[in-house]
Amino acid sequence: MNRLRLEAMLRRFFDEDIGSGDLSADTVFAADTMGEVRFYVKEDGVFCGADVIRCGFALLDARAQVELYCEDGARVTSGDVLARISAPVRCLLSGERVVLNMVQRMSGIATMTARAVACTVGSGAKICDTRKTMPGLRMPDKYAVRVGGGFNHRYGLYDAVMLKDNHIAFAGSLQAAVAQVRAQLGHTVKIEVEIENENMLHEAIAANADIIMFDNCTPENIRAWIHHVPPHIATEASGGINLDNLPAYAASGVQWISLGFLTHSVSALDISARVKF
């Protein structure tokens with residue numbers, strides 16, 4: 001992750017939570033009272049968020065010392081200690097919730113991504129994310145997908161073209177939409193189009209799209225249609241895919257499988273902070 005952006009993000013989050021001061025910690029503890037907490041995981045998963053822990057407490061107090069016992073991508077087991085943080089008690093108590101919230105979310109995304117990747121073993125298909133991230137959290141969300149073994153789809157509307165059903169409807173046809181893009185953008189910008197049936201597939205091939213997404217198509221349909229796609233056009237499947245049917249999609253011959261649930265339906269990994277006496 002970009003360290004400058006991460007620091008700016010954490011500053012905003014701390015400002016939202018702490019505001020003008022922590023009424024609980026600041027009134028109970030003196031500024032020079034030191035303490036120690038340990039982060040430990042309460043369920044099996046994939047850890048993600050080492051830089052959040054390192055950076056978060058240091059932003060609140062330069063005296064904070066962080067010792068990490070695992071790095072991003074490590075498989076962790078319930079009961080494992082993830083980190084030890086020594087700092088002024090005010091810093092520990094004021095920063096704990098924001099840091100934990102981010103680390104739990106990122107670890108949850110990395111864990112789910114790893115499960116999805118495991119469903120594709122032997123197929124050659126690769127798992128990637130979508131733009132269905134929490135607003136303001138796209139950078140850590142997409143980073144967590146990479147930590148879990150997945151890949152990132154386009155980062156935003158600005159770095160690749162994806163012509164979806166509404167783009168095509170407004171443009172009048174798939175080929176008209178692709179032609180408009182080709183006429184205005186350079187050769188370094190990829191053009192992806194969504195297709196929903198075999199007729200649209202042939203239109204996309206005729207338009208020479210760079211990537212064809214089989215949107216809400218069954219694995220059986222993809223398997224029946226994919227032989228029409230020339231080797232220079234990449235293929236992707238998305239829509240209606242879950243861990244149960246993911247192996248069937250992976251076996252369909254598609255190269256990429258994009259999964260919105262990796263980031264829009266996050267189940268946070270259970271991580272807690274415990275005071276060390």
Side-chain angles (χ1 to χ4, degrees), residues 1-112 114 134-148 266-277:
M1 288 188 293
N2 182 299
R3 185 65 178 259
L4 292 176
R5 289 183 178 179
L6 176 61
E7 288 188 5
M9 184 180 295
L10 285 165
R11 289 181 191 278
R12 292 196 305 272
F13 296 163
F14 284 137
D15 180 64
E16 176 186 66
D17 200 35
I18 300 171
S20 60
D22 182 342
L23 292 178
S24 304
D26 291 357
T27 54
V28 175
F29 301 99
D32 58 354
T33 302
M34 302 296 290
E36 181 180 309
V37 297
R38 295 188 179 187
F39 282 7
Y40 69 99
V41 64
K42 298 167 71 175
E43 61 178 318
D44 298 354
V46 177
F47 171 67
C48 183
D51 280 346
V52 174
I53 301 174
R54 289 190 185 102
C55 183
F57 290 103
L59 282 175
L60 292 179
D61 198 300
R63 292 170 289 179
Q65 296 183 346
V66 174
E67 183 178 0
L68 283 161
Y69 299 116
C70 60
E71 290 293 339
D72 291 344
R75 300 273 178 168
V76 292
T77 303
S78 178
D80 285 352
V81 177
L82 304 176
R84 179 186 64 82
I85 306 98
S86 177
V89 171
R90 287 184 179 182
C91 168
L92 295 173
L93 295 175
S94 297
E96 169 190 329
R97 187 70 271 154
V98 165
V99 172
L100 275 178
N101 284 350
M102 287 194 68
V103 173
Q104 286 177 312
R105 178 181 175 86
M106 293 170 68
S107 296
I109 292 171
T111 298
M112 182 55 71
M134 183 63 68
L137 292 177
R138 184 160 295 174
M139 182 181 73
D141 279 6
K142 282 184 169 283
Y143 172 75
V145 168
R146 298 197 303 273
V147 168
V266 181
S267 179
L269 197 69
D270 195 355
I271 301 171
S272 293
R274 179 177 293 170
V275 175
K276 176 67 168 62
F277 294 103

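Please read all numbers here as calculations on a predicted model, not as lab measurements.
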Rounded to the nearest 0.5 Å, how far apart are [atom1] of [X] and [atom2] of [Y]?
X    : Y    : atom1 : atom2 : answer
R75  : D44  : CZ    : CG    : 10.0 Å
K42  : S78  : NZ    : OG    : 8.5 Å
R105 : S267 : CZ    : OG    : 11.0 Å
I109 : D141 : CD1   : CG    : 3.5 Å
R11  : L60  : CZ    : CG    : 9.5 Å
M9   : L4   : CE    : CG    : 12.0 Å

Next item on the list: Please report the shortest heavy-atom distance between A64 and F57, naming the atom on each side.
Entry: CB-O, 3.7 Å
Note to self: For a quick test of reading the model, state the closest non-hydrogen atom pair linking L68 to A50 and the distance between them.
What the structure shows: CD1-CB, 3.7 Å
Are there more than 12 heavy atoms of other residues, nucleotides or ligands under 6.0 Å from atom [atom1] of [X]?
X    : atom1 : result
M134 : CE    : no
R63  : CZ    : yes
Q65  : CD    : no

Can you confirm whether [X] sits close enough to [Y] that some side-chain heavy atom of one is under 4.5 Å from a side-chain heavy atom of the other?
X    : Y    : answer
M106 : V147 : no
C55  : L10  : yes
D26  : R90  : yes
N101 : R97  : yes
F14  : V99  : yes
V76  : Y69  : no
F47  : D80  : no

Are the side chain of [X] and the backbone N or O of [Y] linked by a donor-acceptor pair below 3.5 Å?
X    : Y    : result
S272 : Y40  : no
R274 : R38  : no
D22  : I18  : no
S94  : C91  : no
Q104 : I271 : yes

Checklist line | Chi angles and distances behind the salt bridge (charged side-chain N to carboxylate O under 4.0 Å, His left out) call for E7, R3 | finding: CA-CA 6 Å; E7 288 188 5; R3 185 65 178 259; 3.7 Å; yes
Note to self: So that I can tick it off, tell me whether D51 and R54 are bridged by a salt bridge, with the cut-off set at under 4.0 angstrom between side-chain N and carboxylate O.
What the structure shows: yes
